[in-house]
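Structure record follows, encoded as structure tokens.
We count residues from 1, following the sequence as given. The figures that follow rest on heavy atoms only: side chains count, while hydrogens, waters and symmetry mates do not.
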Amino acid sequence: MIEVKNVVYAYDKGRAVLRGVSARFEPGKMYAILGPSGCGKTTLLSLLGGLDSPRSGQILCDGDDIEQTGLARHRRHNVAFIFQSYNLIDYLTPKENVALTATGDPRAVLERVGLTGAEAGRNVLKLSGGQQQRVAIARALASSAQIILADEPTGNLDEDTAEEIIAALKNCAHDLGKCVIIVTHSNQLARAADVVIRLSKGKTQIVERTGVMKHAGPEAGL
């Protein structure tokens with residue numbers, strides 16, 4: 001579905017953060033990207049989402065280079081974002097927030113992530129952090145995008161609420177067939193992922209659910 005090929009990225013006048021990274025992400029799987037602060041996790045997520053461009057290499061979506069087809073088009077049609085800070089429109093209700101991306105009835109999607117009809121009609125600022133994160137997930141689910149990119153979606157949540165959010169994200173991948181890619185520091189979330197990608201010093205390692213770890217440097221891909 002989406003592929004990173006020999007991607008190099010460096011900040012202005014700085015050292016390379018990503019050094020020839022290659023990876024392939026498939027539908028129906030949940031991926032967790034882990035690594036120390038500053039290793040390039042969020043940078044990689046931004047590149048996958050078309051929010052930035054690599055210095056060299058390619059990001060392919062269904063075989064097409066997103067630079068060639070247009071980053072704005074990629075963001076509009078292919079990906080949906082879930083941010084740690086929720087990024088909801090705070091003067092709207094959950095139902096109204098989700099309706100901005102929904103192709104159908106937003107209430108059905110909100111119910112799927114565990115919000116009641118009463119909660120769906122409240123102002124989002126009157127909801128708990130866990131409920132607001134559910135709204136953010138519902139907004140991503142309601143779109144037609146087949147790729148969901150999440151940045152620390154459980155970072156502000158208690159353990160029980162985090163478990164519920166992880167279950168909702170797994171449902172996105174396993175039951176709805178979406179490709180879910182998550183940047184996280186959470187071992188709890190990593191244990192639930194189908195594939196764990198570890199970034200360190202611009203290179204990558206992968207851990208499959210079998211528990212087998214393989215080195216995946218620039219020459220090997222993932």
Side-chain angles (χ1 to χ4, degrees), residues 2-25 29-61 65-67 71 74-75 78-87 129 132-133 136-137 140 147-159 161-162 165-166 169 173 179-208 211-222:
I2 191 162
E3 186 175 4
V4 181
K5 295 184 71 174
N6 300 316
V7 161
V8 173
Y9 186 90
Y11 297 111
D12 291 341
K13 298 180 180 179
R15 63 178 179 82
V17 178
L18 301 176
R19 304 174 183 177
V21 168
S22 295
R24 185 165 53 236
F25 301 90
K29 291 185 178 180
M30 186 169 83
Y31 296 81
I33 302 176
L34 281 74
S37 297
C39 72
K41 300 187 301 298
T42 298
T43 297
L44 180 56
L45 202 73
S46 295
L47 295 173
L48 289 167
L51 296 175
D52 206 344
S53 300
R55 287 287 182 90
S56 63
Q58 293 177 298
I59 309 291
L60 305 177
C61 187
D65 188 326
I66 66 172
E67 292 274 358
L71 297 183
H74 176 65
R75 293 192 298 269
N78 299 329
V79 298
F81 293 92
I82 301 171
F83 298 99
Q84 183 178 3
S85 57
Y86 318 134
N87 280 26
Q132 289 186 51
Q133 191 62 291
I137 291 173
I147 302 165
I148 294 179
L149 304 175
D151 189 5
E152 294 284 4
T154 61
N156 293 328
L157 307 178
D158 61 74
E159 186 174 344
T161 304
I165 295 302
I166 291 168
L169 291 168
C179 177
V180 180
I181 305 170
I182 305 165
V183 162
T184 184
H185 286 98
S186 167
N187 289 325
Q188 180 187 16
L189 199 156
R191 286 192 297 270
D194 299 298
V195 180
V196 175
I197 296 170
R198 298 186 185 276
L199 281 176
S200 179
K201 298 180 180 179
K203 297 184 180 180
T204 55
Q205 287 180 313
I206 182 169
V207 181
E208 303 261 9
V212 177
M213 179 181 286
K214 298 177 288 185
H215 177 69
E219 72 288 349
L222 289 176

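- A distance of 12.5 Å separates CD1 of I66 from CD of E3, quoted to the nearest 0.5 Å.
- For the atom pair NZ (K41) and CG (L18), the distance works out to 11.0 Å, reported to the nearest 0.5 Å.
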Legend entry - Trace of the side-chain contact (heavy atoms from CB on, under 4.5 Å) decision for K29 with V180: CA-CA 6 Å; K29 291 185 178 180; V180 180; over 6 Å; no

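- One finds the OH atom of Y31 at 14.0 Å from the CG atom of L45 (value rounded to the nearest 0.5 Å).
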Inset, instruction - Evaluate the criterion side-chain hydrogen bond (donor to acceptor under 3.5 Å, both in side chains) for residue pair S53 and E67; output intermediate values, then yes/no. - result: CA-CA 8 Å; S53 300; E67 292 274 358; 2.5 Å; yes

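- In this structure, the side chains of S85 and D151 stay at 4.5 Å or more apart for every pair of heavy atoms.
- Side-chain contact check for I166 versus Q188: some heavy-atom pair is nearer than 4.5 Å.
- Between the CG atom of L169 and the CD atom of Q133 there is a distance of 8.0 Å, given to the nearest 0.5 Å.
- A heavy-atom distance below 4.5 Å is not found between the side chains of T184 and I33.
- The shortest side-chain heavy-atom distance between V8 and P54 does not fall under the 4.5 Å cut-off.
- In plain terms, the two heavy atoms of G49 and V79 that are nearest each other are O-CG2, 3.9 Å.
- Of all heavy-atom pairs spanning T154 and S186, the tightest one is OG1-CB, 4.1 Å.
- Between L199 and L44 there is a side-chain heavy-atom pair separated by less than 4.5 Å.
- The side-chain heavy atoms of I197 and L34, taken from C-beta on, include no pair separated by under 4.5 Å.
- If you take CD1 on I82 and CD1 on I181, they are separated by 11.5 Å, rounding to the nearest 0.5 Å.
- For the residue pair S56 / Y9, no side-chain donor-acceptor distance below 3.5 Å is found, with atom types taken as modelled.
- The closest side-chain heavy-atom distance from I182 to M30 is below 4.5 Å.
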Inset, instruction - Test N6 against S22 for side-chain hydrogen bond (donor to acceptor under 3.5 Å, both in side chains), laying out the working first. - result: CA-CA 5 Å; N6 300 316; S22 295; 3.3 Å; yes

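- Atom-to-atom distance recorded for H74:NE2 and L51:CG is 8.5 Å, nearest 0.5 angstrom.
- The shortest distance between side-chain heavy atoms of F25 and I147 does not fall below 4.5 Å.
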Inset, instruction - Dump the intermediate steps for side-chain contact (heavy atoms from CB on, under 4.5 Å) on L60 and I2, then the final yes or no. - result: CA-CA 6 Å; L60 305 177; I2 191 162; over 6 Å; no

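- Across all their heavy atoms, A32 and A190 have their closest contact at CB-CA, 4.1 Å.
- In terms of heavy-atom proximity, A10 sits nearest to A16 at CB-CA, 3.6 Å.
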